[in-house]
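Each remark here refers to the structure printed beneath this line.
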Protein chains: 2
Amino acid sequence: MVTRELLSRERVLRVARDLADSSGLSALSMRRVAGALGVEAMSLYHHVPGKEGLLDGLAEQVVAEVQQEVAGGQGDRLEDWRAELRHRCLSARTVMLRHPWAPGLLSTRATIPSGLWQYYDEVLATMVRGGLNYHVAHRGMHALGSMVLGFVQEVFSPAAAGGAADTDTAEQDFEAMAATVPHLTAMVASEVHAAGDDALGWCDTDREFEFTLDLLLDGLERARRGSGPGV
Amino acid sequence: MVTRELLSRERVLRVARDLADSSGLSALSMRRVAGALGVEAMSLYHHVPGKEGLLDGLAEQVVAEVQQEVAGGQGDRLEDWRAELRHRCLSARTVMLRHPWAPGLLSTRATIPSGLWQYYDEVLATMVRGGLNYHVAHRGMHALGSMVLGFVQEVFSPAAAGGAADTDTAEQDFEAMAATVPHLTAMVASEVHAAGDDALGWCDTDREFEFTLDLLLDGLERARRGSGPGV
DNA sequence: ACCTGAACACCGTTCAAGT
DNA sequence: ACCTGAACACCGTTCAAGT
């Protein structure tokens, strides 16, 4: 009889990632992952809270991989904020090309992978360091959207996943947030204050959408006139 | 006994859309759709080629709905290309807000909904009419990406859906394309010619990604200096 | 032609049982 | 504690049978 390596959350997620890489997301079943580990499907439940939990773990793993890629590409932090964000987007993109299923996975998660808060806080910090005020930075976050994750989409729309949006969360642990994602917290505070009484309007998605749209259209107009980024 | 309305592809798709609206994409099963129609699951196969075919039909239906929204919003074609594209993006967006599952569905289809070719041809035509040459227009198509569909993502990455990319299709029915999507055909021809010997490089996705990225970063830099679109 | 019942090969997950 | 077998409630789809 062969001494089998012990099962673990890490081992389950690693095998799941490899299976997705080789056969696509749709081939990811509990039974299939278990099979690849030489184990019964039910054994997975001791290391992962069900299928949805496994997918959440996979999403977090991808975010971590992006962070590694960003850090690995260069030791020092780039001085120019645009260069830094550019590096981040391109690094993220190589990760997404490695895992073509990742954008689809990330965009359908009902809950945001925990590591992503920190990631976005870093993106925001880069903008603020570059001299963007919170308002412009806020729009910048929407505009770059999931470009900082290496693909183009409004990353998380829980409604799309079939779940209801949880609007309370943001306020709920506001203080806990301040410690771990200081820039995001400050931005939200600043934007809510600027919105005045209309607290719900602090993140007017329609307006963000139009901002991004105009950014692109204006850029294309400049390219048309031959003064855009290297064509 | 009740005289039952005859089943039809249209009726199946309509009920499927309503079911997705009310319960999300994950609730869409052949058995559930059939149940909503008061019929057995197997009956659907006479009007729709399986589950995947039903989802394809749903995707086409959404594209058609976008076209209707674009046309309904205004009788005449807007004179300014930017205003026209802006109208298109915002119209598409209201459709996506109506069907939150649509972006996720569209982005995971293995084959492109047929109506979309025409739609994109119209977008391209608008750019060309506006004075963008094919090269800039090509980049514009990538930059606006799925914004013209009301959400932000590189729309179709068949690889993400678990299927292999079909690189032959584009050349295969090139001549048939010329009739139905003249602008797209002309653009492809122009870009392939410009790429010279490196025929594979006519659509260098990496370069398109960077172009869009720089468009956004440059726009944000302008906003930082206070000269961007209305902040 | 259109619809159906039974059947097949899969799912995710629960639960009581093993070690 | 960790893993398992059997079972349950679901899937998509095939196929022979009905009308």
Side-chain angles (χ1 to χ4, degrees), chain A residues 1-20 22-61 101 104-105 108-111 161-163, chain B residues 1-20 22-61 101 104-105 108-111 161-163:
Chain A
M1 65 186 78
V2 188
T3 314
R4 279 207 301 244
E5 205 180 337
L6 275 177
L7 223 48
S8 71
R9 176 180 167 84
E10 284 67 38
R11 223 155 82 78
V12 170
L13 290 179
R14 192 171 358 114
V15 165
R17 168 175 44 72
D18 293 347
L19 218 159
S22 60
S23 318
L25 253 197
S26 57
L28 257 200
S29 75
M30 297 296 275
R31 285 169 145 102
R32 210 105 58 118
V33 171
L37 284 159
V39 108
E40 295 301 313
M42 308 75 207
S43 305
L44 302 182
Y45 286 80
H46 291 278
H47 304 96
V48 134
K51 173 84 179 284
E52 216 62 19
L54 185 150
L55 293 178
D56 286 339
L58 221 49
E60 291 206 32
Q61 206 185 222
W101 43 268
L105 175 69
T108 53
R109 286 304 77 207
T111 62
Chain B
M1 65 186 75
V2 188
T3 314
R4 279 206 301 241
E5 206 181 335
L6 277 176
L7 224 50
S8 71
R9 177 180 167 85
E10 285 65 40
R11 224 155 80 78
V12 170
L13 289 180
R14 190 167 5 109
V15 165
R17 167 172 49 70
D18 294 346
L19 218 160
S22 60
S23 318
L25 253 196
S26 58
L28 257 199
S29 76
M30 297 296 277
R31 286 169 145 102
R32 210 106 56 121
V33 171
L37 283 158
V39 109
E40 295 301 314
M42 308 76 208
S43 306
L44 302 181
Y45 285 81
H46 291 278
H47 305 96
V48 134
K51 173 83 178 287
E52 216 62 19
L54 186 150
L55 293 178
D56 287 340
L58 221 50
E60 291 207 31
Q61 207 186 221
W101 43 268
L105 175 69
T108 52
R109 285 306 75 206
T111 62

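FYI, side chains are in, hydrogens and waters are out, and symmetry mates aren't considered; it's all heavy atoms of this structure. Sequence lines set the chain letters: A, B, ... in the order given, protein chains first and strands last, and positions in each chain run from 1.
- Rounded to an integer number of Å, the gap from CG of B:L7 to P of C:dC2 is 10 Å.
- For the pair A:L28 CG and C:dG12 C1', the interatomic distance rounds to 13 Å; values are reported in whole Å.
- Between the CE atom of A:M42 and the P atom of C:dA16 there is a distance of 16 Å, rounded to whole Å.
- When the C1' atom of D:dA7 is taken as reference, atom CD of A:E40 falls 14 Å away, rounded to whole Å.
- Between C:dT14 and A:Y45, no contact under 4.0 Å exists linking OP1 or OP2 to a side-chain N or O.
- Rounded to a whole Å, the CG atom of B:L37 is 10 Å from the P atom of C:dC3.
- Regarding A:H47, its NE2 atom lies at a distance of 12 Å from the P atom of D:dA1, rounded to whole Å.
- For the pair A:K51 NZ and C:dT14 P, the computed distance is 14 Å after rounding to whole Å.
- Residue-level contact check: B:M30 touches the backbone only, with heavy atoms under 4.0 Å from sugar-phosphate atoms and none from bases.
- Phosphate contact (OP1/OP2 of C:dT4, side-chain N/O of B:H46, threshold under 4.0 Å): absent.
- Between B:L105 and B:R109, the closest side-chain pair of non-hydrogen atoms falls below 4.5 Å.
- Using a 4.5 Å cut-off on side-chain heavy atoms (C-beta onward), A:L58 and A:W101 make contact.
- Taking 4.0 angstrom as the limit, A:S43 places none of its side-chain polar atoms (N or O) nearer than this to OP1 or OP2 of D:dC2.
- Dashed line: the shortest gap from a side-chain N or O of B:R32 to OP1 or OP2 of D:dC11 is under 4.0 Å.
- Across all strands shown, C:dT4 forms a Watson-Crick or G-U wobble pair with D:dA16, both key distances being under 3.5 Å.
- Annotation: the span from B:T111 atom OG1 to B:E60 atom CD amounts to 8.0 Å, rounded to 0.5 Å.
- Here the P atom of nucleotide C:dT13 and the CG atom of A:L44 are 11 Å apart, to the nearest Å.
- Rounding to the nearest 0.5 angstrom, the gap separating the CZ atom in B:R31 from the CG atom in B:L44 is 11.0 Å.
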Stepwise side chain to side chain contact (heavy atoms under 4.5 Å, CB included) test for B:T108 and A:L25: CA-CA 11 Å; B:T108 52; A:L25 253 197; over 6 Å; no
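- With distances taken from any side-chain atom of A:R31 to the nucleotides D:dT13, D:dA7, D:dT4, the minimum falls on D:dA7.
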